[in-house]
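Encoded as structure tokens, the structure appears first; notes follow it.
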Amino acid sequence: MPAVLGVIGGILLALGLPWGAAVPLAGAALALLDARLPLLVVALLGGGAGWLSAHTVLSRPEPLTPWLGAQVTLKGEWDGQFLTLHDPRARLAVSPKPTQGPGQLEVAGRLVAPQGRRTPGGFDQAGWLRSQGGLFVPTPGAVLVGARVKTHQPEGGLRGWFRQGLSAGLSERQAALMQAVELGDRSDISQEDFAPGYAVRDAFARAGLAHLMALSGQNVALITGVLVWLLIRAGAAPAWRYGLPAALLLPYLLLLVQPSPSITRAVIMGAAVLLALALGRGRPDPLGLIALAALACLLLFPLWLLDVGFQLSFLAVLALTQTPRVAERLPARWPHALRLAISATVLAELGTLPVVAGSFGQLPLVGLPANLVAGVIMAALVPLGFVAGLLGPLAAPLNVACGLLASALLAVAEAFGRAPVLTWGAIGAAGVVAYATALGAGWLWLLGRVRARAALGTLLAGLLLTALPGWLRPAREVVFLDVGQGDSTLIRLPGLTMLIDAGGSVGSNYDVGGRTVVPALRALGVRKLDVLVATHADTDHIEGVPAVLRALPVGELWVGHRKRGDPVLDAVLAEAQAQGVPVREVRRGDRVQASGATLTVLWPPVTTGRRRTTRTVWP
């Protein structure tokens with residue numbers, strides 16, 4: 001623990017954050033409290049190692065810089081997320097993502113520097129790409145935009161064989177889900193929709209099931225658990241029944257699934273546990289094991305510290321260490337397995353709450369029942385899918401069962417994904433302090449140090465104190481959202497929240513409304529719109545409106561005039577009808593008033609014989 005705190009502090013200092021020095025000092029304090037001076041040295045050495053690792057990654061030159069802005073044709077290894085070049089040795093993102101699967105790819109386009117966060121709640125492409133580099137892995141430092149695939153050669157070797165097994169005899173949607181569940185490759189499932197405007201990935205996120213498509217400890221536990229059980233049934237000695245699965249984990253990581261924060265953590269922890277059991281040393285200490293995994297991950301990939309996947313993975317597993325304590329608090333008459341499942345699900349959600357709320361702007365409300373149902377399906381699907389992958393093209397008979405399980409999991413996600421979610425804004429320092437205080441009170445309750453009434457009171461006080469600023473000083477602002485070519489303007493007054501247009505992408509399948517405007521509204525704490533305005537039937541102004549109508553409650557939709565036969569406006573009106581939002585056709589002179597401010601419609605003019613709408617006054 002002192003060592004990993006030192007490494008974290010060193011990385012923060014390398015990133016230019018002076019307060020990071022407090023983290024290794026906390027590690028040193030732990031060493032002093034434990035009265036073990038060697039640990040003090042370890043904490044300080046960890047700080048130096050973390051700084052050196054991060055500095056090495058941050059100072060590495062980007063080999064593609066001389067070609068930024070140029071039209072180029074590149075050939076390399078496409079893994080579904082990045083294109084890896086061998087000369088020069090570099091990795092880069094490709095936009096739009098090729099629909100072809102992993103393999104050798106030749107693609108043409110223009111090289112540009114990645115963009116930072118341009119809107120509240122928006123995607124920080126530059127920061128995310130920077131976090132994907134490691135000591136021995138090039139950092140993706142450029143984006144190939146306007147990408148056009150010239151040639152593609154499907155992936156071969158073990159991964160190619162494994163992918164064939166995951167798709168043999170399955171439908172496209174089932175195969176896409178199996179690729180996500182078994183390999184963590186979500187490129188295909190990202191293109192699947194349950195219905196227009198209802199993406200499969202969005203359904204998993206709203207249901208609290210997004211983690212099922214990110215390889216983690218669940219995959220390692222299920223696969224190695226089945227293998228250990230088979231070896232026990234075969235009468236293997238402890239050294240073999242635990243040592244063989246441990247030896248296979250490294251090839252599984254490097255040759256099959258490729259490193260990512262959650263699966264790398266799971267492999268390190270799983271291998272340590274299996275080796276300890278093989279050597280007869282028993283199970284390692286959970287906190288020490290988590291610290292060991294974090295130490296290895298951060299020394300090799302120091303900027304994973306900024307990666308949301310890394311944060312979610314370690315926060316979740318830290319919370320899960322308290323599962324037995326919580327299970328003991330549940331009614332004893334409940335089945336033990338059910339108590340453990342409920343406790344683990346609730347703890348994982350609570351442990352990751354600030355990161356999920358702050359990063360994604362919403363919290364699932366049905367995560368507990370959805371995970372209990374999906375967990376039963378995953379317990380069978382993951383090992384069966386792994387065997388199917390090993391069988392390659394011969395897996396079609398086994399995939400009859402895998403297909404049924406995949407369809408069942410998709411049905412669970414589709415059903416629970418339609419449930420409402422709790423929207424959330426950006427979390428500031430006060431929110432983090434309130435969360436930590438409430439979390440500390442809950443932990444003390446688990447230890448029996450405080451009563452449940454005191455822990456609950458601390459939670460309610462934290463909620464009240466963080467909500468007070470918004471109640472006492474409601475927003476009065478005009479926010480112009482960067483949506484590219486078009487427009488999107490948010491007006492916020494006490495008693496009135498209005499959004500004028502929601503952008504659009506002409507000639508592109510990028511959903512500006514769902515991926516730019518809605519996250520920005522959530523980050524700004526907008527939970528509903530009194531008025532949503534679609535000024536005129538141009539794609540770059542109103543194509544994103546349907547996504548906003550689906551995501552937030554809307555009081556009224558204003559349109560300038562109902563242009564007949566326009567597909568973009570027709571889609572807006574159809575979505576308004578589907579959501580039960582009244583549509584109002586406005587003209588010059590129509591107005592809305594709130595908190596001493598007046599917004600007046602200037603165009604289009606009143607037509608002859610048309611009576612002007614009475615003023616609307618918001619309280």
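Counting begins at 1 with the first residue of the sequence.
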Interatomic spacing from CG in L409 to CE in M213 - rounded to 0.5 Å: 9.0 Å

Pairwise distance CG(L350) to OH(Y435) - rounded to 0.5 angstrom: 6.5 Å

Passing option when V57 is tested against I11, L300, L303, L52 for side chain to side chain contact (heavy atoms under 4.5 Å, CB included): L303

Q174 versus S407, side-chain donor and acceptor atoms under 3.5 Å: yes

Interatomic spacing from OG1 in T99 to CD in Q191 - rounded to 0.5 Å: 6.5 Å

Within 45° cone and under 6.0 Å: R329 NZ/CZ vs W445 ring: yes

Under 3.5 Å donor-acceptor, R339 side chain and A327 backbone: yes

Worked verdict on S190 versus R201 for side-chain hydrogen bond (donor to acceptor under 3.5 Å, both in side chains): CA-CA 6 Å; S190 298; R201 282 190 67 174; 2.8 Å; yes

Between CG on residue L177 and CG on residue L166, distance to nearest 0.5 Å: 10.5 Å

Rounded distance [0.5 Å steps], CG in L85 versus CG in L92: 5.5 Å

Aromatic plane relationship, Y198 with F194 - under 30° parallel, 30 to 60° tilted, over 60° perpendicular: tilted

Distance in Å, R130 CZ paired with T139 OG1, rounded so as to fall on 0.5 Å steps: 9.5 Å

Under 3.5 Å: donor-acceptor pair, side chain of R206, backbone of A419: yes

L305 backbone acceptor or donor facing Q311 side chain under 3.5 Å: yes

Check: R117 side chain, G122 main-chain N or O, donor-acceptor pair, under 3.5 Å: yes

Nearest heavy atoms of I427 and G358, plus distance in Å: CD1-N, 3.8 Å

Parallel, tilted or perpendicular, as decided by the 30° and 60° cut-offs, for the rings of F310 and F314: tilted

Heavy-atom pair of closest approach, residues A388 and N399: CB-OD1, 3.4 Å

Name of the residue among T352, L312, V308 meeting side chain to side chain contact (heavy atoms under 4.5 Å, CB included) with S359: V308

For R91, all residues meeting salt bridge (charged side-chain N to carboxylate O under 4.0 Å, His left out), sequence neighbours excluded: none

Beyond-backbone contact of L209 with F416, side-chain heavy atoms, under 4.5 angstrom: no

